[in-house]
2 protein chains.
Amino acid sequence: MAAQRGEGDEVVTSPATTTPEPAADVRERARAIPEAAVARLAVYLRVLSGLGDQGVTTISSEELAGAAGVNSAKLRKDLSYIGSYGTRGVGYDVEVLVGHIERILGLTRKHSVAVVGIGNLGHALANYGGFGSRGFPVAALFDIDDDLTGVPVGGIPVHHIDDIVTVCTEREISIGVIATPPQAAQAVCDRLVSAGVQCILNFAPVVLQVPDNVEVRKVDLAVEMQILSFHVARRADEAAGDVVNGVGVDGVVIRP
Amino acid sequence: MAAQRGEGDEVVTSPATTTPEPAADVRERARAIPEAAVARLAVYLRVLSGLGDQGVTTISSEELAGAAGVNSAKLRKDLSYIGSYGTRGVGYDVEVLVGHIERILGLTRKHSVAVVGIGNLGHALANYGGFGSRGFPVAALFDIDDDLTGVPVGGIPVHHIDDIVTVCTEREISIGVIATPPQAAQAVCDRLVSAGVQCILNFAPVVLQVPDNVEVRKVDLAVEMQILSFHVARRADEAAGDVVNGVGVDGVVIRP
DNA sequence: CGATGTGAAGCCATTCACAGCA
DNA sequence: TGCTGTGAATGGCTTCACATCG
């Protein structure tokens, strides 16, 4: 079972996978892109799309890096993973770069999405236009509640979770989004996997067990908040420590 | 302006910050915890709390690691960052560990949260019980829409975003959550910063510009989907490449 | 004896700095 | 000349392996 990624998780690009064939350019290239770089490429793509809409045709690494919130060396290295599409002395053609990043991220194909768990978050996700417009049409909704089944949410009818395998297989769902309570998440996950779904975005605060061929990413709001809390605490400590030395958080005496 | 973290972002523990004083144990220790480890500590905490509720009193690194989806060496190293609270030959006391992780994450203090942007996602966040129960009470809601102001959502009245500074200052908000459309995000962020909010969780797909003393974490659903899309594409390539060699994604000829 | 805690080694990722090209 | 693309250097995180101790 593969551990899921998300937040500041481990970023190990399958270390065990052997490289049998010496050739095979593109897939080798795709394999070689560090996970961290993939996440940033998605950000560059968003920024570039915005610039393109504004009529910008060319941009330097310095400018794009600024707009994406990274330093320019990192940006250039990230782009170098996907090829050499810049012009020295000039910069990058926005449209060309958009095309290449979309290709690498696999956005030239449609990826149908199923959302399971139509509570507050599920509703929000079903109604969130950002998915469909970016090539991720929400093609199926599921919930365990009979009162919801049949009722359309965001224009899509809700099915019962017992139908996950049938419906997902039929509609060729490639990404499953789990927005159920934690207790239900693993069972839902198992069904999605049975339906052939290979990628899962998990909002439930549980560690899902999946086969190695399934990719899981998790978004855990509580964890995000706690990371921020850690930084609040650290700052408070530093500030307090600079004045009243010898005493740490919560009045715990550091040097008795 | 500091770049925000999130997803598989850069994890650099403030390299520029100088260490003036040589002593100061706890804050030094807190500072020394790698960002990646902090994220995992939050996961361990959740697992441990669950185990505690089930009556488990002691657990080994191997078991806890399994439940948290990491390997045991990593878990032990993570725990070693916060101190030596295990018993050799036995394992860790669940309750003791929960206490120490909570302390390190700053969860012994309440962190009031403000949610800005009461659309689909904002509604979901306001109604999401997981926050309050975990020490992050949602203490204020804001929206630009006059029709919403005054109306309570999840029991909390919505204020106009013009009141962010007043209300947040008054209620000592320590974490701001931005769930607005992208166009509004930077302006909202600026107001939160003016109100003294030092931590921001950003759901809007934009790169926020903030002063160095403000910590931003971002959750970008589109980016998450695109990372999964990348993996779908990579897998498809590998599978296709193993059979029909010489041709890559989208029929692009690799070896002409 | 068995599991923790931790130096040391290895591996990624970021950053630097400059060669190379338009 | 100016900016890209990239080897080399650096720094952090993960993994290994074992000394240590209850």
Side-chain angles (χ1 to χ4, degrees), chain A residues 2-3 5 7-19 29 31-41 43-44 57-66 68-94 96-97 100, chain B residues 2-3 5 7-19 29 31-41 43-44 57-66 68-94 96-97 100:
Chain A
R5 304 182 211 289
E7 290 118 42
D9 252 37
E10 76 264 42
V11 181
V12 183
T13 322
S14 10
T17 325
T18 46
T19 313
R29 170 165 288 171
R31 274 271 278 80
I33 304 177
E35 186 81 12
V38 172
R40 288 190 298 265
L41 283 170
V43 175
Y44 305 153
T57 58
T58 294
I59 192 165
S60 71
S61 65
E62 202 77 44
E63 292 170 299
L64 181 51
V70 301
N71 79 35
S72 65
K74 196 190 286 187
L75 177 121
R76 286 200 302 280
K77 178 130 292 210
D78 287 344
L79 292 182
S80 81
Y81 291 128
I82 67 172
S84 303
Y85 304 115
T87 309
R88 289 168 197 241
V90 180
Y92 301 90
D93 182 282
V94 173
V96 169
L97 214 44
H100 284 293
Chain B
R5 302 184 213 288
E7 292 117 42
D9 253 37
E10 75 265 42
V11 180
V12 184
T13 323
S14 11
T17 325
T18 46
T19 313
R29 170 164 289 174
R31 275 273 275 82
I33 303 179
E35 186 81 14
V38 173
R40 286 189 300 265
L41 283 170
V43 175
Y44 305 154
T57 58
T58 294
I59 192 166
S60 71
S61 65
E62 202 77 42
E63 292 171 299
L64 180 51
V70 301
N71 79 36
S72 64
K74 196 189 285 185
L75 177 122
R76 287 199 301 278
K77 178 130 294 206
D78 287 344
L79 293 182
S80 81
Y81 291 128
I82 67 172
S84 303
Y85 303 116
T87 308
R88 291 171 195 236
V90 180
Y92 301 90
D93 182 283
V94 173
V96 170
L97 214 44
H100 285 294

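By convention in this document, chain letters (A, B, ...) are assigned in the order of the sequence lines, proteins followed by strands, and residues within each chain are numbered from 1. The figures here come from the full heavy-atom set of this structure, side chains too, leaving out hydrogens, waters and symmetry mates.
Comparing D:dT14, C:dG5, C:dA22 against the side chain of A:Arg88 picks out C:dA22 as the nearest. Checked against D:dT6, C:dT15, D:dT15, the side chain of A:Ser80 finds its nearest nucleotide in D:dT6. Each of D:dT15, D:dC13, C:dT15 was ranked by its minimum atom distance to the side chain of B:Lys77; first place goes to D:dT15. Out of C:dT4, D:dC13, C:dC16, the shortest distance to the side chain of A:Ala73 is found at C:dC16.
When the P atom of D:dT14 is taken as reference, atom CD of B:Glu35 falls 11 Å away, rounded to whole Å. Remark: P of C:dG5 and OH of B:Tyr85 are 10 Å apart, rounded to the nearest angstrom. When rounded to the nearest whole Å, the span between CG of A:Leu64 and P of D:dC3 equals 14 Å. Between the OH atom of B:Tyr81 and the P atom of D:dT14 there is a distance of 7 Å, given to the nearest Å. Taking atom CG of residue A:Asp93 and atom C1' of nucleotide D:dT4, one finds them 15 Å apart after rounding to whole Å. Separating the CG atom of B:Leu79 from the P atom of C:dT4 is a distance of 9 Å, rounded to the nearest angstrom. Rounding to whole angstrom units, CG of residue B:Leu75 and P of D:dC13 are separated by 17 Å. Separating the CD1 atom of A:Ile33 from the P atom of C:dA13 is a distance of 12 Å, rounded to the nearest angstrom.
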Report task. Determine, step by step, whether B:Leu64 and B:Leu97 satisfy the side chain to side chain contact (heavy atoms under 4.5 Å, CB included) criterion, reporting the C-alpha distance in whole Å, the side-chain angles of both residues, the deciding distance to 0.1 Å, and the verdict. Result -> CA-CA 11 Å; B:Leu64 180 51; B:Leu97 214 44; 4.3 Å; yes
Query raised in the report: Would B:Ser80 and B:Arg76 count as a side chain to side chain contact (heavy atoms under 4.5 Å, CB included) if you check the C-alpha gap in whole Å, the side-chain angles of each, and the deciding distance to 0.1 Å?
Result: CA-CA 6 Å; B:Ser80 81; B:Arg76 287 199 301 278; over 6 Å; no
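Note on A:Tyr92: a side-chain N or O is less than 4.0 Å away from OP1 or OP2 of D:dG5. Applying the 4.0 Å criterion to OP1 and OP2 of D:dC3, one finds that A:Ser61 has every side-chain N and O outside that range. OP1 or OP2 of D:dT15 lies within a sub-4.0 Å distance of a side-chain N or O belonging to B:Asn71.
For the atom pair B:Tyr44 OH and B:Leu79 CG, the distance stands at 6.5 Å (nearest 0.5 Å). The distance from atom OH of A:Tyr85 to atom CG of A:Asp93, rounded to the nearest 0.5 Å, is 13.0 Å. Residue B:Ser84 holds its OG atom at 8.5 Å from OH of B:Tyr92, rounded to the nearest 0.5 Å.
With hydrogens and angles ignored, a donor-acceptor pair closer than 3.5 Å exists between the side chain of B:Arg76 and the base of C:dG5.
Each of A:Val90 and B:Glu62 has a nearest nucleotide on DNA chain C; the 5'-most of these lies closest to B:Glu62.
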